[in-house]
Amino acid sequence: MSTRTFIMIKPDGVKNKHVGDILARIEKEGFKILGLKYLKLSLEDAKQFYKVHAARPFYNDLCGYMSSGPIVAAALERDNAVLHWRDVIGATDPKEAKAETIRALYAESKEANAVHGSDSDDNAALEISFFFKGNELF
Ligand code: IDP
Ligand code: MG
């Protein structure tokens with residue numbers, strides 16, 4: 001069944017010129033791009049987006065980092081979209097990510113780890129609505 005996920009190419013992925021490689025991988029993996037934006041998050045946007053992590057020690061650094069430069073945000077559709085994208089990106093820490101995953105290939109560090117991916121269908125829906133209006137998805 002076709003389902004949705006939300007992904008970002010984080011500031012390090014943009015800065016290190018991996019946007020084209022990552023968008024090509026998205027298409028190669030069979031995802032349909034429903035929505036796509038290039039933007040810079042404000043610190044407030046980043047705090048709101050990552051509020052589930054507010055109690056974690058890395059929260060302030062993470063929000064500062066995520067608002068430090070432009071990102072790419074995308075809503076994607078595919079069978080088993082959330083889990084498939086999590087498999088494609090690999091573990092949070094690139095040192096633990098399997099070979100050929102996006103984080104193994106492109107991440108700088110556990111924080112600057114190239115890409116985001118939703119962790120559930122419910123969060124995918126919330127995260128897509130954070131970035132996209134209904135008429136911006138095709
Ligand atoms: P995920 O992105 O693999 O789902 P989460 O645990 O949801 O990982 O954490 C969200 C983001 O917070 C990570 O992608 C990473 O950028 C950052 N992060 C997570 N754990 C750490 C840490 O221990 N140190 C620094 N940054 C972290
Ligand atoms: Mg997560």
Side-chain angles (χ1 to χ4, degrees):
M1 193 186 77
S2 246
T3 57
R4 292 177 173 192
T5 193
F6 173 75
I7 76 100
M8 291 185 281
I9 305 175
K10 294 183 177 184
D12 63 295
V14 173
K15 184 190 73 188
N16 295 323
K17 298 190 160 54
H18 295 309
V19 171
D21 293 328
I22 294 169
L23 291 177
R25 180 73 176 266
I26 283 168
E27 292 194 314
K28 181 168 161 277
E29 295 289 342
F31 288 100
K32 179 182 173 198
I33 297 173
L34 302 176
L36 187 66
K37 288 189 179 182
Y38 185 57
L39 73 151
K40 190 160 178 276
L41 291 171
S42 67
L43 181 60
E44 288 314 308
D45 292 335
K47 285 183 168 171
Q48 179 66 23
F49 184 83
Y50 280 111
K51 67 175 191 280
V52 293
H53 294 306
R56 310 278 289 277
F58 57 81
Y59 176 69
N60 282 329
D61 271 2
L62 173 64
C63 294
Y65 165 64
M66 286 301 296
S67 55
S68 68
I71 62 155
V72 174
L76 305 181
E77 186 177 80
R78 211 202 92 119
D79 289 359
N80 203 18
V82 165
L83 286 178
H84 190 79
W85 180 250
R86 301 286 317 187
D87 282 348
V88 169
I89 66 177
T92 307
D93 185 341
K95 291 196 213 96
E96 291 164 19
K98 288 191 190 131
E100 299 306 314
T101 59
I102 289 175
R103 284 167 167 169
L105 289 168
Y106 306 128
E108 282 184 5
S109 67
K110 191 171 183 183
E111 177 180 80
N113 59 359
V115 282
H116 168 81
S118 306
D119 62 8
S120 67
D121 288 357
D122 285 351
N123 283 334
L126 285 172
E127 291 175 1
I128 289 170
S129 68
F130 186 89
F131 282 87
F132 295 96
K133 300 187 193 121
N135 65 2
E136 295 173 325
L137 299 171
F138 304 98

Worksheet item: Which pair of non-hydrogen atoms, one from Arg25 and one from Leu105, has the smallest distance, and what is that distance?
Response: NH1-CD1, 3.9 Å
Worksheet entry | Closest approach of Arg4 to Val82 (non-hydrogen atoms, all atoms of both residues) | O-CG2, 3.6 Å
Worksheet item: For the atom pair CZ (Phe31) and CG (Asp79), what is the distance rounded to the nearest 0.5 Å?
Response: 10.0 Å
Worksheet entry | Considering all heavy atoms, the nearest Pro11-Ser68 contact | CB-OG, 3.9 Å
Discussion item. So does Lys47 get a backbone contact from the side chain of Tyr59, meaning a donor-acceptor N/O pair under 3.5 Å?
Written reply: yes
Item to complete: State yes or no: do Ile7 and Tyr38 share one hydrophobic cluster built from I, L, V, M, F, W and Y residues joined by side-chain heavy-atom distances below 4.5 Å, directly or via other members?
Response: yes
Using distance only, find each side-chain donor-acceptor pair of residues 124-138 under 3.5 Å and give its atom names and separation, not counting sequence neighbours.
from, atom 1, to, atom 2, distance (Å)
Glu127, OE1, His116, NE2, 2.9
Glu127, OE1, Ser118, OG, 2.8
Ser129, OG, Ala125, O, 3.3
Ser129, OG, Leu126, O, 2.8
Glu136, OE1, Lys37, NZ, 2.9
Glu136, OE1, Lys133, N, 2.8
Glu136, OE2, Lys37, NZ, 3.4

Worksheet item: Can any side-chain N or O of Asn16 pair as donor or acceptor with the backbone N or O of His18 at less than 3.5 Å?
Response: no
Practice prompt. Quickly, which of Ile9, Leu39, Val115 forms a side chain to side chain contact (heavy atoms under 4.5 Å, CB included) with Ile71? Name it, please.
Written response: Leu39
Worksheet item: Is Thr5 reaching over with its side chain to a backbone N or O of Ala75, donor-acceptor style, under 3.5 angstrom?
Response: no
Worksheet item: Between Leu23 and Met8, is there a shared hydrophobic cluster once you connect ILVMFWY residues whose side-chain heavy atoms come closer than 4.5 Å?
Response: no
Discussion item. For Lys10, is there any backbone N or O sitting under 3.5 Å from a side-chain donor or acceptor partner on Tyr65?
Written reply: no
Fill in: Exam field: side chain Arg78 to backbone Gly30, donor-acceptor pair closer than 3.5 Å
no
